[in-house]
Amino acid sequence: MLTYTGIRGRRTLKARAVGFLCEAVAYELPTGRTFWLSTYQATTPRLALRWLHHRARQIGEQLDPPQARHVGTWLADRPERERALDQLAAGGLYSHTLHEPPIHYLLTARPTGDQT
(Lines give C-alpha, C1' and ligand atoms only; values in the text may rest on other atoms or scores of the structure.)
Protein backbone atom coordinates (compact mmCIF):
# COMPACT_ATOMS: atom_id res chain seq x y z
CA MET A 1 0.00 0.00 0.00
CA LEU A 2 1.09 3.53 -0.77
CA THR A 3 0.09 6.39 1.52
CA TYR A 4 0.66 10.10 1.79
CA THR A 5 -0.61 12.73 4.17
CA GLY A 6 -1.99 16.02 2.86
CA ILE A 7 -3.94 18.86 4.41
CA ARG A 8 -7.11 16.83 3.94
CA GLY A 9 -5.75 13.88 5.86
CA ARG A 10 -4.14 10.58 5.01
CA ARG A 11 -4.71 9.07 1.56
CA THR A 12 -4.05 5.46 0.60
CA LEU A 13 -3.48 3.96 -2.81
CA LYS A 14 -4.04 0.21 -2.65
CA ALA A 15 -1.74 -1.20 -5.28
CA ARG A 16 1.17 -3.50 -5.91
CA ALA A 17 4.20 -2.44 -7.94
CA VAL A 18 2.66 0.97 -8.54
CA GLY A 19 4.65 3.76 -10.03
CA PHE A 20 3.69 7.00 -11.63
CA LEU A 21 4.63 7.80 -15.21
CA CYS A 22 5.28 11.51 -15.64
CA GLU A 23 5.64 13.15 -19.04
CA ALA A 24 6.31 16.58 -20.48
CA VAL A 25 5.22 17.10 -24.09
CA ALA A 26 5.15 20.20 -26.27
CA TYR A 27 2.88 20.49 -29.25
CA GLU A 28 2.62 23.19 -31.86
CA LEU A 29 -0.65 24.56 -33.14
CA PRO A 30 -1.82 24.59 -35.90
CA THR A 31 0.72 22.14 -37.34
CA GLY A 32 0.11 19.49 -34.68
CA ARG A 33 3.82 18.69 -34.41
CA THR A 34 4.59 16.97 -31.10
CA PHE A 35 7.87 17.10 -29.18
CA TRP A 36 8.43 14.65 -26.31
CA LEU A 37 10.48 16.67 -23.81
CA SER A 38 11.04 14.21 -20.97
CA THR A 39 9.63 11.39 -18.87
CA TYR A 40 10.14 10.30 -15.29
CA GLN A 41 9.06 7.29 -13.26
CA ALA A 42 8.03 8.40 -9.76
CA THR A 43 7.29 6.07 -6.85
CA THR A 44 4.71 8.23 -5.03
CA PRO A 45 2.06 10.81 -5.94
CA ARG A 46 4.08 13.48 -4.14
CA LEU A 47 7.26 12.71 -6.13
CA ALA A 48 5.25 12.72 -9.36
CA LEU A 49 3.84 16.15 -8.58
CA ARG A 50 7.26 17.41 -7.50
CA TRP A 51 8.64 16.38 -10.90
CA LEU A 52 5.76 18.12 -12.71
CA HIS A 53 6.49 21.29 -10.75
CA HIS A 54 10.20 21.06 -11.53
CA ARG A 55 9.51 20.71 -15.26
CA ALA A 56 6.97 23.56 -15.14
CA ARG A 57 9.62 25.83 -13.55
CA GLN A 58 12.08 24.91 -16.30
CA ILE A 59 9.51 25.60 -19.01
CA GLY A 60 8.40 28.81 -17.29
CA GLU A 61 11.95 30.17 -17.39
CA GLN A 62 11.74 30.05 -21.19
CA LEU A 63 8.35 31.73 -21.55
CA ASP A 64 7.49 35.40 -21.96
CA PRO A 65 6.77 37.14 -18.61
CA PRO A 66 2.94 37.07 -18.85
CA GLN A 67 2.89 33.31 -19.47
CA ALA A 68 5.63 32.73 -16.90
CA ARG A 69 3.43 34.40 -14.27
CA HIS A 70 0.72 31.82 -14.98
CA VAL A 71 3.27 29.07 -14.28
CA GLY A 72 4.17 30.71 -10.95
CA THR A 73 0.49 31.00 -10.02
CA TRP A 74 -0.06 27.30 -10.69
CA LEU A 75 3.04 26.33 -8.70
CA ALA A 76 1.83 28.34 -5.68
CA ASP A 77 -1.76 27.02 -5.78
CA ARG A 78 -1.96 24.80 -2.69
CA PRO A 79 -5.59 23.66 -3.20
CA GLU A 80 -4.71 22.59 -6.76
CA ARG A 81 -1.67 20.70 -5.43
CA GLU A 82 -3.89 18.82 -2.98
CA ARG A 83 -6.42 18.09 -5.74
CA ALA A 84 -3.60 16.68 -7.89
CA LEU A 85 -2.37 14.46 -5.05
CA ASP A 86 -5.91 13.22 -4.41
CA GLN A 87 -6.40 12.50 -8.11
CA LEU A 88 -3.17 10.50 -8.37
CA ALA A 89 -3.74 8.62 -5.10
CA ALA A 90 -7.19 7.62 -6.36
CA GLY A 91 -5.57 6.08 -9.43
CA GLY A 92 -6.42 8.86 -11.87
CA LEU A 93 -4.55 10.90 -14.42
CA TYR A 94 -3.45 14.44 -13.53
CA SER A 95 -2.55 16.89 -16.27
CA HIS A 96 -1.79 20.57 -16.60
CA THR A 97 -1.26 22.59 -19.77
CA LEU A 98 0.95 25.65 -20.12
CA HIS A 99 0.34 27.93 -23.08
CA GLU A 100 2.54 30.22 -25.09
CA PRO A 101 0.94 30.28 -28.53
CA PRO A 102 1.59 28.60 -30.84
CA ILE A 103 3.22 26.12 -28.40
CA HIS A 104 1.34 24.25 -25.68
CA TYR A 105 3.15 22.25 -23.00
CA LEU A 106 1.33 19.29 -21.50
CA LEU A 107 2.51 17.93 -18.15
CA THR A 108 0.95 14.64 -17.05
CA ALA A 109 1.27 12.02 -14.33
CA ARG A 110 -0.60 8.75 -14.09
CA PRO A 111 -0.36 5.57 -12.04
CA THR A 112 1.13 2.51 -13.68
CA GLY A 113 1.56 -1.06 -12.56
CA ASP A 114 -0.67 -3.82 -11.31
CA GLN A 115 -3.45 -2.13 -9.37
CA THR A 116 -5.72 -4.15 -7.15
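Applying the side-chain hydrogen bond (donor to acceptor under 3.5 Å, both in side chains) criterion to R33, with sequence neighbours excluded, gives E28. Taking H53 as the reference, L49, R57, W74, L75, R81 meet the side-chain contact (heavy atoms from CB on, under 4.5 Å) condition, with sequence neighbours excluded. For H54, the ring pair (Phe, Tyr, Trp, His ring centres under 6.0 Å) test picks out no residue, with sequence neighbours left out. Remark: F35 engages no residue in a ring pair (Phe, Tyr, Trp, His ring centres under 6.0 Å) (not counting sequence neighbours). In this structure H70 satisfies the side-chain hydrogen bond (donor to acceptor under 3.5 Å, both in side chains) test with no other residue, sequence neighbours excluded. A search for side-chain contact (heavy atoms from CB on, under 4.5 Å) contacts involving P66 returns D64, R69, not counting sequence neighbours. Qualifying side-chain contact (heavy atoms from CB on, under 4.5 Å) partners for R55, counting only residues two or more places apart in sequence or in other chains: A24, L37, S38, W51, Q58, L107. For Q41, the side-chain hydrogen bond (donor to acceptor under 3.5 Å, both in side chains) partners at least two apart in sequence or on another chain are T112.
Taking every heavy atom of both residues into account, C22 and A42 meet most closely at SG-CB, 4.3 Å.
In the hydrophobic cluster analysis, where Ile, Leu, Val, Met, Phe, Trp and Tyr join through side-chain heavy atoms closer than 4.5 angstrom, V25 is grouped apart from L52.
Hydrophobic cluster membership of L106, counting Ile, Leu, Val, Met, Phe, Trp and Tyr whose side-chain heavy atoms lie under 4.5 Å apart directly or via other members: Y27, L29. Here L21 is tied to no hydrophobic group at all, with no ILVMFWY side chain closer than 4.5 Å.
Rounding to the nearest 0.5 Å gives a distance of 11.5 Å between CG of L47 and CG of L88. Atom NE2 in H104 sits 11.5 Å away from atom OG1 in T34 (nearest 0.5 Å). In this structure, OH in Y105 is found 6.0 Å from CD in Q62, a value given to the nearest 0.5 Å. Note that CD of E23 and OG of S95 are 11.5 Å apart. Values are rounded to the nearest 0.5 Å.
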What's the verdict on side-chain contact (heavy atoms from CB on, under 4.5 Å) for E80 and Y94, showing C-alpha distance, side-chain angles and the deciding distance?
CA-CA 11 Å; E80 178 62 16; Y94 178 77; 2.6 Å; yes
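The shortest distance between side-chain heavy atoms of Q67 and L98 does not fall below 4.5 Å.
The salt bridge (Lys or Arg N to Asp or Glu O under 4.0 Å) contacts involving residues 87-113 comprise nothing, where partners must be two or more places apart or lie in separate chains.
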